[in-house]
Undergrad: 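A single structure is presented below for examination.
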2 protein chains.
Amino acid sequence: MIDKYSPIPIYHQLEEYIRGQIENGTYPFDTTIPSERELAERFEISRMTVRQAINNLVNDGYLYREKGRGTFVNRRKVEQKLQAVTSFTEDMIERGLTPKNKLLTFHIIPANGKVASILNLQEHTPVYEIKRIRIADDSPIAIETTYLPANLIKGLSEEILNRSLYNYIENDLSLKISEATQEIEAASAKQQDTAHLQIEKGAPVLVISQTSILDDGTPFEYVKSIYRADRYKFVHKMKR
Amino acid sequence: MIDKYSPIPIYHQLEEYIRGQIENGTYPFDTTIPSERELAERFEISRMTVRQAINNLVNDGYLYREKGRGTFVNRRKVEQKLQAVTSFTEDMIERGLTPKNKLLTFHIIPANGKVASILNLQEHTPVYEIKRIRIADDSPIAIETTYLPANLIKGLSEEILNRSLYNYIENDLSLKISEATQEIEAASAKQQDTAHLQIEKGAPVLVISQTSILDDGTPFEYVKSIYRADRYKFVHKMKR
DNA sequence: CAGTGGTCTAGACCACCAG
DNA sequence: TGGTGGTCTAGACCACTGA
């Protein structure tokens with residue numbers, strides 16, 4: 001089980017062993033695993049080495065310790081998925097909904113002052129402007145306007161949008177998406193949005209403005225999305 | 001600097017010392033701190049104890065190690081903070097605003113079904129219910145209702161709330177805050193909230209529901225906050 | 001009381017990096 | 001080659017838990 005002469009560190013082998021025992025049910029949730037001293041004796045290794053393995057598993061959320069009682073298997077899901085940059089489509093699939101889109105407009109326009117400033121461009125630089133209705137389970141959920149610098153995101157087509165914009169940027173254009181900043185605020189639906197979202201004027205909407213950047217810091221995307229408050233809420237996990 | 005006979009663990013004292021040196025600029029960004037052996041010798045402690053301190057600082061993002069070269073000060077702490085669990089007070093200070101609170105109610109009540117379910121308690125288990133007006137730069141920004149299990153977060157007082165609840169939980173109760181999940185949605189102001197927030201009925205508000213858990217997975221806090229949409233937006237950074 | 005995790009020691013050998 | 005972090009040992013005493 002543990003090979004003291006392997007180039008793989010002993011604590012790492014022990015980690016894998018314990019994780020395996022958790023996953024195959026030998027150590028059920030909320031029960032103790034063998035004590036540090038027992039593991040040390042069983043594998044003829046030092047207790048400090050056992051502690052190093054257990055420390056890592058505690059940090060990864062697999063185990064938790066209680067003074068004087070023992071080390072327990074954590075019942076909590078280990079997924080620990082922090083918020084990652086995802087597209088609407090990826091987001092909806094994760095929520096178990098079927099996403100669809102309805103393209104309203106798709107053309108190149110000169111950037112106005114606000115868009116130019118956000119995308120770090122000169123005013124009037126050509127940008128794609130794409131307006132879409134986002135649909136989940138056959139009912140409208142958001143109206144979304146995307147701006148992309150036309151000189152950076154070249155060769156965009158409606159077909160690419162329907163597949164995956166992010167895949168196109170990363171795979172075909174070989175650009176590296178690094179991170180995105182979102183501003184989330186509440187507002188009341190304006191007259192021009194009521195028809196597309198099938199809501200009354202003044203109904204609450206969630207407005208999410210996202211700016212995405214490449215790994216060299218270049219902004220490549222600005223998206224403003226207006227979500228129906230009754231059909232969408234934003235969920236977010238944070239660590240202390 | 002280091003008191004070997006203090007009840008505070010040596011590694012923890014060393015952590016604070018190194019963090020202090022980073023913050024006051026003695027160890028600038030991207031430069032090495034003294035080697036593990038040098039720190040051990042200087043403070044007449046074991047190298048393993050030094051490693052424990054440095055391990056914790058590496059996990060917290062203050063330092064990073066490079067094999068054969070040394071341990072370096074990490075330059076970016078701000079980004080990591082954007083995804084971290086913070087209190088209203090911490091949040092406002094970061095935004096450059098002066099936070100204040102007005103306590104509306106503070107008592108222990110039996111948990112109703114919803115609160116009990118969220119906090120993983122039996123119905124009617126005693127919980128603190130704390131209602132506060134959150135004020136930034138002398139004008140109301142949110143109304144916040146907090147629920148805490150009375151049997152877990154013991155000895156709460158108004159004075160503690162005005163200092164820092166999270167400090168109290170972490171330092172005085174020795175509990176480890178692990179993570180929090182937020183649900184963010186838009187709504188229209190209800191009649192009962194208009195007076196406290198000084199807005200019209202039906203005005204847009206941002207509703208943030210936060211559930212926080214300890215490192216063993218126990219939920220210890222449920223907070224529902226209703227923010228004035230015209231004075232608050234939620235900002236959030238994500239990585240791909 | 002015996003057993004547990006928490007802290008700590010004073011060494012050791014290794015791979016890696018820089019000069 | 002000398003210094004660094006990475007790994008590991010074989011002990012030790014402590015506070016805490018539960019029977």
Side-chain angles (χ1 to χ4, degrees), chain A residues 1-18 27 30-74, chain B residues 1-18 27 30-74 154 170-176 214-216 218:
Chain A
M1 212 65 78
I2 301 282
D3 177 4
K4 295 176 76 163
Y5 304 101
S6 157
I8 299 167
I10 295 172
Y11 72 88
H12 192 266
Q13 296 180 49
L14 184 55
E15 271 180 63
E16 304 245 301
Y17 169 76
I18 295 173
Y27 302 152
D30 289 324
T31 62
T32 59
I33 65 168
S35 76
E36 297 175 356
R37 285 169 182 82
E38 187 183 331
L39 287 169
E41 196 174 354
R42 184 190 303 178
F43 296 114
E44 298 179 295
I45 56 180
S46 158
R47 185 176 155 220
M48 286 300 277
T49 304
V50 174
R51 279 184 66 78
Q52 189 170 357
I54 291 178
N55 273 337
N56 291 341
L57 293 172
V58 168
N59 285 335
D60 288 348
Y62 287 96
L63 303 174
Y64 59 95
R65 294 201 245 236
E66 291 192 16
K67 251 185 292 192
R69 301 224 304 137
T71 302
F72 298 78
V73 178
N74 208 333
Chain B
M1 214 65 80
I2 301 281
D3 177 4
K4 294 175 78 163
Y5 303 102
S6 157
I8 298 167
I10 295 173
Y11 72 87
H12 193 266
Q13 295 179 48
L14 184 57
E15 271 180 63
E16 304 246 299
Y17 169 78
I18 295 173
Y27 302 150
D30 288 324
T31 63
T32 59
I33 65 169
S35 77
E36 297 175 356
R37 285 169 183 80
E38 187 183 332
L39 287 169
E41 196 174 352
R42 185 191 303 179
F43 296 114
E44 297 179 295
I45 56 180
S46 158
R47 185 177 156 220
M48 285 301 276
T49 305
V50 173
R51 279 184 67 76
Q52 189 170 357
I54 291 178
N55 273 337
N56 290 341
L57 293 170
V58 169
N59 285 335
D60 289 350
Y62 286 96
L63 303 173
Y64 61 94
R65 295 201 244 234
E66 290 191 18
K67 253 187 292 194
R69 301 224 305 136
T71 303
F72 298 77
V73 178
N74 207 333
K154 291 173 181 165
E170 290 184 316
N171 300 334
D172 296 320
L173 298 180
S174 298
L175 300 173
K176 279 197 178 170
L214 302 175
D215 65 343
D216 65 358
T218 311

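Numbers restart at 1 for each chain; the letters A, B, ... are given by sequence-line order, proteins then strands.
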Undergrad: Between B/Y11 and C/dC8, is there a side-chain N or O to OP1/OP2 distance below 4.0 Å?
TA: no
Undergrad: Of all the heavy-atom pairs spanning B/Y64 and B/D30, show the shortest one and how long it is.
TA: OH-OD1, 2.8 Å
Undergrad: Taking atom CD1 of A/I33 and atom CD1 of A/I54, what is their separation to the nearest 0.5 Å?
TA: 4.0 Å
Undergrad: With no angle test and no hydrogens, is the base of C/dG5 tied to the side chain of A/R51 by a donor-acceptor pair under 3.5 Å?
TA: no
Undergrad: Quiz question: going by heavy-atom distance under 3.5 Å, is there a donor-acceptor pair between the base of C/dG5 and the side chain of A/R69?
TA: no
Undergrad: Is the shortest side-chain N/O distance from A/R47 to OP1 or OP2 of D/dT9 below 4.0 Å?
TA: no
Undergrad: Can you check whether B/T71 has a side-chain N or O nearer than 4.0 Å to OP1 or OP2 of D/dG5?
TA: yes
Undergrad: Quick one: closest heavy-atom pair of A/N56 and A/E15, and the distance?
TA: ND2-OE2, 2.7 Å
Undergrad: Among C/dT7, C/dG5, D/dT9, which nucleotide has an atom closest to any side-chain atom of A/R65?
TA: C/dG5
Undergrad: Which part of the nucleic acid, if any, lies within contact of A/I10, taking any heavy atom under 4.0 Å across all strands shown: a base, the sugar-phosphate backbone alone, or nothing?
TA: sugar-phosphate
Undergrad: Give the rounded distance in Å between these two atoms: CG of A/L39 and P of D/dT9.
TA: 13 Å
Undergrad: Starting from the 5' end of DNA chain C, give me the residue, A/M48 or A/G68, whose nearest nucleotide shows up first.
TA: A/G68
Undergrad: A/K67 or A/I45: which one's nearest nucleotide on DNA chain D is closer to the 5' end?
TA: A/I45
Undergrad: Between A/H12 and A/R37, just flag the one whose closest nucleotide in DNA chain D comes earlier from the 5' side.
TA: A/H12
Undergrad: May I ask you to verify if any side-chain N or O of A/T32 is less than 4.0 angstrom from the OP1 or OP2 atom of C/dT4?
TA: no
Undergrad: CG of B/L63 to OG1 of B/T71: how many Å apart, nearest 0.5 Å?
TA: 6.5 Å
Undergrad: Between A/E38 (CD) and C/dT4 (P), how many Å, whole number?
TA: 7 Å
Undergrad: Would you please confirm or rule out a distance under 4.0 Å between OP1 or OP2 of C/dG3 and any side-chain N or O of A/S35?
TA: no
